[in-house]
Every structure is written in C-alpha cells, then in structure tokens.
Amino acid sequence: MTANRTEPETAKLITSPKCAAKLLQAGKLVAFGTETVYGLGADATNAQAVAGIYTAKGRPSFNPLICHFASAEAAFQHVRPNAMAQKLAEQFWPGPLTMVLPRQAASPVSQLAGAGLPTLAVRVPAHPVAHEMLALAGRPIAAPSANRSGHISPTSAAHVLASLGGRIAAVLDSGPCAVGLESTVLDLSGPAAVLLRPGGITREALEAAIGPLSTATAPGAALASPGMLASHYAPSLPVRLNATAPGPGEAYLAFGPAPPSALMFQLSETQNLTEAAANLFEALHWLDEHAAQHGLVAIAASPIPAIGLGLAINDRLSRAAAPRG
Ligand code: AMP
Ligand code: MG
C-alpha cells in the first residue's frame with residue numbers, strides 16, 4: 001500500500017503574477033492575496049491539482065471550492081447566470097461576492113472542485129495582483145482560504161508561509177488584504193436568492209439590489225442529515241462501505257486490485273490517494289448513471305485507508321452511505 005504524499009515543497013515568495021500563472025498552469029499550488037483573504041489556488045480543471053489543495057490544507061472533507069476568474073465574462077462561460085446574477089455582477093464584481101449558479105454542462109472544471117454538485121461557486125476578485133494572475137492563467141482557479149484546516153484565514157503572505165510554507169509551490173505576495181473577511185456567498189441557483197455565508201458585501205447592499213434574501217438555515221428549521229445537505233452531493237443509489245468485493249446487485253468502487261464485477265470504477269489501480277480523490281466524484285456519478293442498465297441497485301465501496309486524503313474520501317463515502325430520510 002502506498003500512502004500518497006505530496007512532494008515536500010518549500011514555498012517560494014514571489015511577486016510576479018506571470019510566474020504565479022505559469023506555476024498554476026503546470027498544476028502547482030500557489031497562494032495569492034485577494035481583497036478578502038489569501039487563497040490557496042489550483043487549476044480548477046486539473047483534478048489532481050485540486051486534490052493537492054486538500055492534501056496541503058489537511059482538510060478532512062471535500063467542500064465545494066470557489067472558482068476565481070478575471071472577469072464576469074470568463075466566469076459566465078462556466079455557469080448560467082440569471083437576471084439577478086447579471087445585475088449583481090455589474091454592481092459588485094470585481095469584489096467580495098461569490099455566486100452559486102448552475103454549472104454549464106460543458107465546463108471543464110473538475111468534479112472534485114465542485115464536490116460533484118450541479119452548481120458552481122464563482123467570484124471575480126478585485127485585487128489588482130490577483131486579477132493579473134487570473135487573467136494570465138486564463139482558466140478557472142479554485143481556491144479556499146490558504147491555511148491549514150481549522151486554522152484562521154490568512155491575511156498576509158507571512159501568515160500563509162507560517163501555515164503552508166512546506167506544502168505548496170509559491171506564495172504570490174500581494175500585500176495585506178484590504179477586506180480581511182471572506183466573501184459573501186449567495187446561492188442564486190434556485191428561484192430565490194439564499195445567503196449561504198455573510199462576508200465582505202453586506203446583506204443590506206445585496207437586498208438593495210435584488211430584494212429580500214432568504215437565509216440558509218431558518219431559525220428552528222430541522223437540520224437535514226449531513227449527506228442530504230444541499231451543498232453535498234450524494235449518489236442516488238445506496239452505498240455499502242468497506243466492501244472487499246461487490247455482492248449480488250452491486251456495482252463496485254475499487255481502490256487497487258479488485259475482483260471481477262459487473263460494473264466497476266477504479267479510483268486508483270496503484271492505491272494512490274491523490275489520484276483516488278481526483279476521481280471520486282466522477283466515479284460516484286458514473287456508477288450512479290450506469291448501474292441501472294446492468295440491473296444493479298447499489299454501490300459497494302472498497303476500503304480506503306484512513307490516512308491523508310483517505311480521511312476526506314471516507315468522509316464523503318460515509319455521508320453517501322448514511323441512512324436517508
Ligand atoms: P472557502 O473554501 O473556505 O472559501 O468556502 C467556500 C464556501 O462556499 C463554503 O461555505 C462552501 O460551502 C460554499 N460553496 C462553494 N461552492 C458551493 C456550491 N456549489 N454550493 C453551495 N455552496 C458552495
Ligand atoms: Mg477557510
């Protein structure tokens with residue numbers, strides 16, 4: 001069994017957006033300053049690079065990541081904006097507003113970046129250095145905050161180096177962050193606008209533009225089971241964990257050498273956890289789509305070691321396996 005480790009890297013402190021863009025295009029991880037906080041960027045279309053974000057952060061779960069763009073025009077090539085989104089983009093972009101919108105079917109953003117969801121969170125940062133880097137990279141850049149999981153969000157290049165210095169390729173020094181608060185996240189994928197996270201753009205400012213917003217969790221509302229939260233993808237078929245072989249009626253999600261099965265998706269032949277993470281959402285969607293035509297009614301998932309990225313993979317699989325209401 002090979003536990004997957006990323007190459008130990010010593011982050012270079014760089015000031016050239018061009019150099020940062022080149023590293024991103026090569027699949028490297030680059031932290032960069034925005035007006036909100038420093039983000040840990042990777043090419044969103046490269047699932048292996050996105051998996052690296054989770055390894056570097058030591059994040060135990062796959063949350064959907066925000067994709068960053070140089071312009072609204074670039075962002076709207078990957079999502080379908082409605083009238084509210086168009087209006088908010090005109091008024092608040094570039095700036096600390098993230099919009100969750102239906103994904104364009106043809107978008108090359110990896111399933112891992114969007115955690116398998118049919119929506120994508122997009123933002124156009126206002127910071128001039130970030131803007132230049134994004135324009136030069138010429139592709140969506142997925143970026144959560146550039147800190148180890150559970151640590152506070154970094155607002156300077158020094159914070160990033162202290163937290164992730166040994167784990168990423170470079171930090172693009174963009175000076176201190178002007179806002180210092182995360183972006184406001186607004187879900188515009190349904191008929192009503194829902195405030196998912198308060199942040200740099202106030203609720204009042206948004207309501208002045210598009211009218212009243214709903215809040216994600218209304219006070220007193222029952223909490224849906226974690227696997228069913230709207231922001232978490234789960235396959236429609238039941239999932240059985242730690243299965244060394246598929247049983248009758250089961251498709252198989254394999255990790256390494258696998259017994260013969262009616263329908264199988266191989267996460268990683270060589271048991272490489274980064275490769276498995278990169279393939280995970282693709283695999284669940286694919287098995288879910290193809291099981292019925294083979295007369296299969298469930299997914300059996302191979303055991304995954306609970307180390308490194310295996311923790312996040314197991315988190316996602318156990319949510320998928322949790323009883324549904
Ligand atoms: P962070 O990665 O820490 O900047 O946080 C990103 C925020 O955006 C989290 O609260 C995510 O849950 C939210 N988010 C990103 N993509 C989506 C999506 N497709 N649907 C709902 N929420 C999302
Ligand atoms: Mg964070």
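Position 1 is the first residue of the sequence, and the numbers go up from there. This structure is a prediction, so every number in the text was calculated from the model and none was measured. Whatever order the structure lists them in is the order used to number ligands and atoms, beginning at 1.
The distance criterion of under 3.5 Å between nitrogen or oxygen atoms is met by T119 with respect to ligand 1.
When only modelled atom types and interatomic distance are considered, T119 and S189 share no side-chain donor-acceptor pair under 3.5 Å. In the model, T184 has no side-chain atom that pairs as donor or acceptor with a side-chain atom of R203 under 3.5 Å.
Here H78 and F69 bring their ring centres to under 6.0 angstrom of each other. Between F281 and W286, a ring centre-to-centre spacing not shorter than 6.0 Å is recorded. Side-chain rings of F32 and H127 stay apart, their centers remaining 6.0 Å or farther from each other.
With a 4.0 Å heavy-atom cut-off, ligand 1 is reached by no atom of T98. With a heavy-atom cut-off of 4.0 Å, R59 touches ligand 1 through its side chain alone. With a 4.0 Å heavy-atom cut-off, ligand 1 is reached by the side chain of L196 but not by its N, CA, C or O.
Contact record, G52 with L29: O-CD1, 3.4 Å, taken as the closest heavy-atom pair.
Contact atoms of ligand 1 toward P144: 2 (O) (distance under 4.0 Å to a heavy atom of the residue). Shown in contact with A121 at under 4.0 Å from a heavy atom are these atoms of ligand 1, numbered in order with element: 15 (C), 16 (N), 17 (C).
Environment of CG in L13: crowded, with over 12 heavy atoms of neighbouring residues, nucleotides or ligands closer than 6.0 Å.
Of the candidates R197, K57, R103, the one placing a heavy atom closest to atom 5 (O) of ligand 1 is R197.
Under the 4.0 angstrom criterion for non-hydrogen atoms, D187 is not in contact with ligand 1. Heavy-atom distances between E182 and ligand 1 stay at or above 4.0 Å for every pair.
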